[in-house]
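Computation of the quantities below employed the complete heavy-atom set of this structure, encompassing side-chain atoms and omitting hydrogens, waters and symmetry-equivalent molecules. Note on naming: letters A, B, ... go to the chains in the order of the sequence lines (proteins, then strands), and numbering restarts at 1 for each one.
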4 protein chains.
Amino acid sequence: MDKREQLIEIATKLFSEKGYENTPLSVVCEKANVSKGLISHHFKSKDGLLREIFLRTTNLIVEINSFDKKNKSPNEQLVELLESFFSQLEADKLFFQFNLNMIVQPSTREILDDLIKERSSFILEKTKEIFDKIDAENALVKSHLFIAELDGIALSYLGIYKDFPLKEIKEQIMKKYA
Amino acid sequence: MDKREQLIEIATKLFSEKGYENTPLSVVCEKANVSKGLISHHFKSKDGLLREIFLRTTNLIVEINSFDKKNKSPNEQLVELLESFFSQLEADKLFFQFNLNMIVQPSTREILDDLIKERSSFILEKTKEIFDKIDAENALVKSHLFIAELDGIALSYLGIYKDFPLKEIKEQIMKKYA
Amino acid sequence: MDKREQLIEIATKLFSEKGYENTPLSVVCEKANVSKGLISHHFKSKDGLLREIFLRTTNLIVEINSFDKKNKSPNEQLVELLESFFSQLEADKLFFQFNLNMIVQPSTREILDDLIKERSSFILEKTKEIFDKIDAENALVKSHLFIAELDGIALSYLGIYKDFPLKEIKEQIMKKYA
Amino acid sequence: MDKREQLIEIATKLFSEKGYENTPLSVVCEKANVSKGLISHHFKSKDGLLREIFLRTTNLIVEINSFDKKNKSPNEQLVELLESFFSQLEADKLFFQFNLNMIVQPSTREILDDLIKERSSFILEKTKEIFDKIDAENALVKSHLFIAELDGIALSYLGIYKDFPLKEIKEQIMKKYA
DNA sequence: AATGAATGAGTTTTCATTCAT
DNA sequence: CATGAATGAAAACTCATTCAT
């Protein structure tokens, strides 16, 4: 397999699980069966590797948001969004773990500042597009609240409450936006 | 002045601003005008210092939740809770920054695991006490949703959206729970 | 109990078990239920404590060698010496452990240099007094060999061979000198 | 020159002279003209370096014991062994110093436990092979006594008695086993 | 593209000692 | 006699990065 790809895959996993600061490149290289020099060769530095990874997860988010909206009502679109959010939250905890880490941790925040802004703007914009059709006047605030709600759910589910009742929460949220 | 207290104060500030991993003890000691050995003397290790700090913030949270509930309706209690949440969110960003960091970052999470669990249980319990009076059947889910919502707002406000419309969000939330 | 005495007792045990360099005073103080300042008060320094302890073990050795020789033949004296050597070797391993450590380890050797020389001279002298009566001409060499033999046995028994056949060795040695 | 080799050479010398605990890696690196990180790179840790060194001295001992025995009587073999023991004891005090240190000092003992056991078993076995031909019944005890005697002589010569009469002792021992 | 030896700054921790009370 | 807060030097270890091959 492509060593560059291997490196990215392993690093993504480790950064998500252990955090960026707590994952030495030596460990990444070892697990990826790759020499240390290769990282600086491909990504210039550890920060470079992180930025590459973050960009990829952004692309994934863009893809998720790019479903076909043409024949759907705004509420149907919200439901679809929620469906994919909850199913991915259950399927790929690490993905959310990683993104929360990167945003909350001051050091990574700094490294990724421009990329984080770009991504959040995109998400806000896409959400607002939907709410504009429902309640144009309060679309911005409602979008923010919508996003905050989902982030909060992810946070509680991943980080805080072991017995978080995800199913029931999903039902409640669905009822609210359907 | 008490050097122990000085140490805790400075460390709290720095851990919040820069993150735990990114704050060397050398900097903490320098700013606190204290020798390196004193940390080991009082807190055994950097982890020990962190745990002490986390415990103190927990105590603060407990205090905040210990207002007098006797003559108030559950909805009045929620409003009071929200008032103190929003006013503190504006007044002391670092406090929320710190707590989010500690919970989301895998390394600190591990160090504080027991304390985090204890604290979250307390918060859930206190919230549920209120919702039990409003809607006993769904009290647990509603409590979780309530907490997640607030956490999500803090996350968006602190970490993601520079132009987060906190005032409007507060109004919306207040309307919902009043 | 006298705290000074307590301190010496605990320190002797720990220095024997863990070695001098590897025994922090903090541990000694903790186990002896005594404050740190007390060591500097009584013994001036860690080295001072060590010297005090070494002196005490020397006194013990002097006592052992001070049995009544008047009515005994030199060979009877040797047998008596060997008896007490072997019985103490079995009874108090730590005692030998400690003394070997102190002599072999360069750092402690330096601290105790004068005391070690004094003690070894005493032992050599006492041994030679006996051998002088057996074989005056070779007394010095035979004394050295006698001492070396016993030290070697202690070394093998304590440090090297788990299954050292102490009983059979003792028989052989006894036969040789009786 | 190979920096790894340089490191081992200098470290061996310093550990022998000053003891393991009393030799900071900073000094080793300085004298070997090598950066601190290189130790971690090659040996993982200070303990790792020590184990490597101990292994090498074991190999040396194995070599010494691997002389050609075919045409020699057991007593001739003992004499040869003694010759090489005494000549090395005079020529390379540090070699014996090092080995005694490592075995007697509790901390190094622990680090090297398996290697020490392996080596002592080898020595005992090789010695016993010779004594088996002389006195099969008491070969084990006699081997132990032989080894203990030599160890004791090394101990006295190196560590205790400045005026140790090595020549005369050697004569005595030679006479006994020839 | 890939390796891995080598660096060196930086980090936490250890610990004997001092000193005011 | 006794305490324990405070110091500061020294230690081992970590780890991203560089560079010759």
Side-chain angles (χ1 to χ4, degrees), chain A residues 2-4 6-7 20-30 32-50, chain B residues 2-4 6-7 20-30 32-50, chain C residues 2-4 6-7 20-30 32-50, chain D residues 2-4 6-7 20-30 32-50:
Chain A
D2 190 348
K3 294 214 170 190
R4 193 174 189 276
Q6 189 122 354
L7 216 34
Y20 177 68
E21 312 281 350
N22 253 289
T23 308
L25 290 184
S26 58
V27 172
V28 177
C29 292
E30 202 183 320
N33 261 339
V34 145
S35 74
K36 278 188 186 177
L38 203 59
I39 282 180
S40 93
H41 186 276
H42 280 307
F43 308 101
K44 189 92 181 166
S45 70
K46 195 184 182 187
D47 289 7
L49 173 57
L50 178 62
Chain B
D2 192 346
K3 297 214 169 191
R4 195 177 189 274
Q6 188 124 355
L7 214 34
Y20 176 70
E21 314 280 350
N22 254 288
T23 307
L25 292 182
S26 58
V27 173
V28 177
C29 292
E30 202 181 318
N33 259 337
V34 145
S35 72
K36 279 186 193 174
L38 201 59
I39 285 178
S40 149
H41 181 57
H42 282 305
F43 309 103
K44 193 94 180 167
S45 71
K46 197 184 180 186
D47 288 8
L49 173 58
L50 178 62
Chain C
D2 192 346
K3 295 214 170 192
R4 193 177 190 274
Q6 189 122 353
L7 215 34
Y20 178 68
E21 313 281 350
N22 253 289
T23 307
L25 290 184
S26 58
V27 173
V28 177
C29 291
E30 202 182 321
N33 261 339
V34 145
S35 73
K36 278 188 186 176
L38 204 60
I39 282 180
S40 92
H41 186 277
H42 281 305
F43 308 102
K44 188 92 181 164
S45 72
K46 195 183 180 186
D47 289 7
L49 173 58
L50 178 62
Chain D
D2 191 347
K3 296 214 169 188
R4 194 175 190 273
Q6 189 124 352
L7 214 35
Y20 177 69
E21 313 281 349
N22 254 288
T23 307
L25 291 183
S26 58
V27 173
V28 177
C29 292
E30 204 181 317
N33 259 339
V34 143
S35 72
K36 278 186 194 174
L38 201 61
I39 284 178
S40 151
H41 181 57
H42 282 305
F43 309 103
K44 193 92 179 166
S45 71
K46 196 183 181 188
D47 289 8
L49 173 58
L50 178 62

[X] side chain: which of [options] is closest?
X	options	result
B/K46	F/dC13, E/dA1, E/dT13	E/dT13
C/L38	F/dA2, E/dT7, F/dC15	F/dA2
B/S26	F/dA5, E/dT3, E/dT11	E/dT11
C/S40	E/dT12, E/dT18, F/dA2	E/dT18
C/L25	E/dA16, E/dT3, F/dT3	E/dA16

Quiz item: Between D/A32 and D/L7, what is the shortest heavy-atom contact and its length?
Solution: CB-CD1, 4.0 Å
Quiz item: Nearest heavy-atom pair of D/Y20 and D/K46: which atoms, and what distance?
Solution: O-NZ, 3.0 Å
Quiz prompt | Assigned partner base of E/dA20, Watson-Crick or wobble definition, under 3.5 Å | solution = F/dT3
Quiz item: Which base sits across from E/dA1 as a Watson-Crick or G-U pair, both distances under 3.5 Å?
Solution: none
When you check the phosphate oxygens OP1 and OP2 of [N], does a side-chain N or O of [X] lie under 4.0 Å from one of them?
X	N	value
B/H42	F/dG4	no
A/H41	E/dA2	no
D/K3	E/dA6	no

Starting at atom [atom1] of [X], determine the distance to atom [atom2] of [N], rounded to an integer number of angstrom.
X	N	atom1	atom2	result
B/E21	F/dT14	CD	P	15 Å
D/K44	F/dA12	NZ	P	17 Å
C/Q6	F/dC1	CD	C1'	15 Å
B/I39	F/dT7	CD1	P	11 Å
D/E30	F/dA10	CD	C1'	14 Å
B/L7	F/dA6	CG	C1'	11 Å
D/N22	F/dA12	CG	P	10 Å
D/K36	F/dA10	NZ	C1'	9 Å

Quiz item: What's the spacing between C/L38 CG and C/C29 SG if we round to 0.5 Å?
Solution: 7.5 Å
Exercise. State the CZ-NE2 distance between A/F43 and A/H41, to the nearest 0.5 angstrom.
Key: 11.0 Å
Quiz prompt | First encountered from the 5' end of DNA chain E, between A/V34 and B/D47 | solution = A/V34
Self-check item: B/V27 or D/N33, whichever maps to the more 5' nucleotide of DNA chain E
Solution: D/N33
Quiz item: Going by atom types only, do A/Q6 and A/N33 share a side-chain donor-acceptor pair under 3.5 Å?
Solution: no
